[in-house]
Amino acid sequence: MAITIAIPKETRSGETRVAATPDTVKKWTAAGITVRIESGAGLGAAITDQAFIDAGAQIAKSAVDAIAAADIVLKVRGPEAAEIAALKSGAQVIALLDAYREKDTLTALAKAGAAAYAMEFVPRITRAQVMDALSSQANLAGYRAVIDAAAIYGKAFPMMMTAAGTVAPAKTFIMGVGVAGLQAIATARRLGAVVSATDVRPATKEQVESLGAKFTAVEDEEFKNAQTAGGYAKEMSAEYKAKQAALVTAHIAKQDIVITTALIPGRAAPILVTKEQVASMKPGSVIIDLAAPQGGNVEGCVPDQIVDVNGVKIYGPTNIVTAIASDASALYAKNLQAFVGLLITKDGALAPDFEDEILKAALITKDGAIVHPNLQS
């Protein structure tokens, strides 16, 4: 029996990405898979219904029409109530579920009998790199953060030597050197800024310096052990935070641009920039807070608004990659395509191996229950 994949249109406010592209649709339809896409699903990412039709997809009039007979449902964000109600029992649902914060969605998926997978839980192992949606989206977020900072900043980024005088380069400080932070460093350097960066994980020092930026951190014993086996930053002690804050305070007062990216899975974002540090910055300076969706790294940040604090502008976008939805969708769709490959056998049957380490790590609901150990109440 042929497998059907459904891609509904995203309905969350401001969400313009889509979970498939003509390229991924072509590969599925070539393998005999039926793909049903809700009309208009790709428009926010500049993909027309006709482009999907040309790739072999069927266009459904509504989300319910697309989902009703689907074996696999692909989303960017978690499904909403009407979409969950339309699922057939046993459907495989794959999305960025925001599992730690959207417990009601998980409960509803479990009650609907869906096997739901959170793309943010895909483990950071070599075999799963092509499925790492957090990294693919964070890479673009780091790039876009610098572009947004340049747009808000009232001066040029690079040094310019002209007959009328010299324009000094923008001093840019990246706080949190994960995927987003590294791309922010690279982008700021390309624009000609003088870049420095900090992170609590010791492995990032070499990465920062390899990109031509200066590394700034308190390098004590706690710093040397501040990284989990999965590559994430650990929550630091109050003592370390105080020492790091003292080091950063003098540095931050000299910066034109600050970009914060520090996130800890399942927890509120740590405060990296205090009100006092914001007040120490020169009027005209810009802070971009990429941790705004989890509470923010910057005191005074208001999600999705530019806040002016005595001439210092703080901007905390909650879904920055929607500004480049076409590229964000293309990368995310490739992540999903690789993940879907784990659910389907070489013979074209839907037969997920729930003991596979990737599926096991990402599986949230199954057989009417929430099964992920990190989400057990």
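- Note on I147: it clusters hydrophobically with I306, by side-chain heavy-atom contacts below 4.5 Å among ILVMFWY residues.
- Here the side chains of Y153 and T172 are not in contact, with every heavy-atom distance at 4.5 Å or above.
- Panel note: side chain H372, backbone A361; a donor-acceptor pair is recorded below 3.5 Å.
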Could you check E102 against R12 for salt bridge (charged side-chain N to carboxylate O under 4.0 Å, His left out), going step by step and ending with a plain yes or no? CA-CA 13 Å; E102 297 198 3; R12 303 291 181 101; 2.9 Å; yes
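- Closest of all the heavy-atom pairs between A114 and L87 is CB-CD1, 4.1 Å.
- Residues passing the side chain to side chain contact (heavy atoms under 4.5 Å, CB included) test with K282 are D256, S285, sequence neighbours excluded.
- Aromatic pair F339/Y332: ring centres not closer than 6.0 Å.
- Annotation: side chain of Y315 is in contact with side chain of D148 (closest heavy-atom distance under 4.5 Å).
- Between L343 and I94, the shortest heavy-atom contact is CD1-CD1, 3.7 Å.
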Side chain to side chain contact (heavy atoms under 4.5 Å, CB included) for L109 and V93? Distances and angles first, verdict last. CA-CA 9 Å; L109 284 165; V93 179; 4.2 Å; yes
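- The shortest heavy-atom contact between W28 and Q337 is CZ2-CA, 3.7 Å.
- Residues V273 and M175 meet the side-chain proximity criterion, which asks for heavy atoms closer than 4.5 Å.
- For T198 and Q244, the side-chain atoms include at least one donor-acceptor pair closer than 3.5 Å.
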Evaluate the side chain to side chain contact (heavy atoms under 4.5 Å, CB included) criterion for residues Q255 and V258: first the C-alpha distance (whole Å), next the side-chain angles of each, then the deciding distance (0.1 Å), finally the verdict. CA-CA 7 Å; Q255 303 305 302; V258 173; 4.1 Å; yes
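- With F354 as the aromatic partner, K360 does not meet the cation-pi criteria of under 6.0 angstrom to the ring centre and within 45 degrees of the ring axis.
- Between atom CG of residue N297 and atom OG1 of residue T261 there is a gap of 7.0 Å, rounded to the nearest 0.5 Å.
- Checked by atom type and distance alone, the side chain of T322 never pairs as donor or acceptor with a backbone atom of A325 at under 3.5 Å.
- Here the closest heavy-atom approach between residue E38 and residue D49 is recorded as O-OD1, 4.4 Å.
- Evaluation of the salt bridge (charged side-chain N to carboxylate O under 4.0 Å, His left out) rule for K26 yields no partner, not counting sequence neighbours.
- A donor-acceptor pair under 3.5 Å is formed between the side chain of D199 and the backbone N or O of R201.
- Both I125 and M119 are assigned to one and the same hydrophobic cluster, defined by single-linkage of ILVMFWY side chains at heavy-atom distances under 4.5 Å.
- To the nearest 0.5 Å, atoms CD1 (I344) and CD1 (I5) are separated by 5.0 Å.
- Taking CD1 of I370 as the reference point, atom CG of L363 lies at 11.5 Å (rounded to 0.5 Å).
- The nearest pair of heavy atoms linking N335 to A133 is OD1-CA, 3.2 Å.
- Side-chain contact, T187 with Q183: a donor N or O sits under 3.5 Å from an acceptor N or O.
- When the side chains of ILVMFWY residues are joined at heavy-atom separations under 4.5 Å, either directly or via intervening members, I259 and I324 end up in a single hydrophobic cluster.
- Looking only at distances, a side-chain donor or acceptor of R189 sits under 3.5 Å from a matching main-chain atom of L211.
- Note that the OG atom of S136 and the CG atom of D327 stand 11.0 Å from one another [nearest 0.5 Å].
- With hydrophobic clusters built from ILVMFWY side chains whose heavy atoms lie under 4.5 angstrom apart, L272 does not share a cluster with I257.
- Heavy atoms of other residues, nucleotides or ligands lying less than 6.0 angstrom from CD of E206 number 12 at most.
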With side chain to side chain donor-acceptor pair (under 3.5 Å) as the test, would you mind laying out the steps for Q137 and R17 before giving the verdict? CA-CA 11 Å; Q137 302 304 288; R17 290 172 290 177; 2.9 Å; yes
Determine whether K103 and L106 satisfy the following criterion, side chain to side chain contact (heavy atoms under 4.5 Å, CB included), listing intermediate values before the conclusion. CA-CA 5 Å; K103 295 290 182 66; L106 307 187; 4.3 Å; yes
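- Between T4 atom OG1 and I67 atom CD1 the span is 12.5 Å, to the nearest 0.5 Å.
- Here the side chain of S135 pairs no donor or acceptor atom with the backbone of D132 at under 3.5 angstrom.
- When the salt bridge (charged side-chain N to carboxylate O under 4.0 Å, His left out) test is applied to E222, no partner is found at least two apart in sequence or on another chain.
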For K334 and D23, what are the C-alpha separation, side-chain angles and deciding distance, and is it a salt bridge (charged side-chain N to carboxylate O under 4.0 Å, His left out)? CA-CA 9 Å; K334 287 288 188 181; D23 284 344; 5.2 Å; no
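- In this structure, D308 places its CG atom where more than 12 heavy-atom neighbours from other residues, nucleotides or ligands lie under 6.0 Å away.
- By the side chain to side chain contact (heavy atoms under 4.5 Å, CB included) test, A197 pairs with I174, V177, I185, V208, sequence neighbours left out.
- Applying the side chain to side chain donor-acceptor pair (under 3.5 Å) criterion to S196, with sequence neighbours excluded, gives H251.
- Side-chain atoms of L342 and D356, non-hydrogen and from C-beta on, do get closer than 4.5 Å to each other.
- Around the OH atom of Y143, the shell of radius 6.0 Å holds no more than 12 heavy atoms that belong to other residues, nucleotides or ligands.
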Assess the residue pair E299 and T274 against the criterion (side chain to side chain donor-acceptor pair (under 3.5 Å)); give the C-alpha distance rounded to whole Å, side-chain angles, the decisive distance to 0.1 Å, and a yes or no. CA-CA 5 Å; E299 287 188 332; T274 65; 4.9 Å; no
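- The closest side-chain heavy-atom distance from I53 to I59 is below 4.5 Å.
- The two residues P123 and A128 come nearest to each other via the heavy atoms O-CB, 3.4 Å.
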Evaluate T34 against R36 for side chain to side chain contact (heavy atoms under 4.5 Å, CB included), listing each step before the verdict. CA-CA 7 Å; T34 298; R36 290 182 60 77; 4.3 Å; yes
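- Proximity of Y117 to L97: side-chain heavy atoms (C-beta onward) are nowhere separated by under 4.5 Å.
- A distance-only check finds no donor-acceptor pair linking the side chain of Y240 to the backbone of D220 [under 3.5 Å].
- Residues satisfying the side chain to side chain contact (heavy atoms under 4.5 Å, CB included) test with E10, not counting sequence neighbours, are E15, K75, V76, R77.
- With a 4.5 Å cut-off on side-chain heavy atoms, L191 and P158 do not count as touching.
- Atom CZ of F215 sits about 12.0 Å away from atom OG of S210, to the nearest 0.5 Å.
- In the hydrophobic clustering of this structure, I271 does not group with L263; members are Ile, Leu, Val, Met, Phe, Trp, Tyr whose side-chain heavy atoms approach within less than 4.5 Å, directly or through other members.
- Counting heavy atoms from C-beta on, the side chains of I287 and V312 come closer than 4.5 Å.
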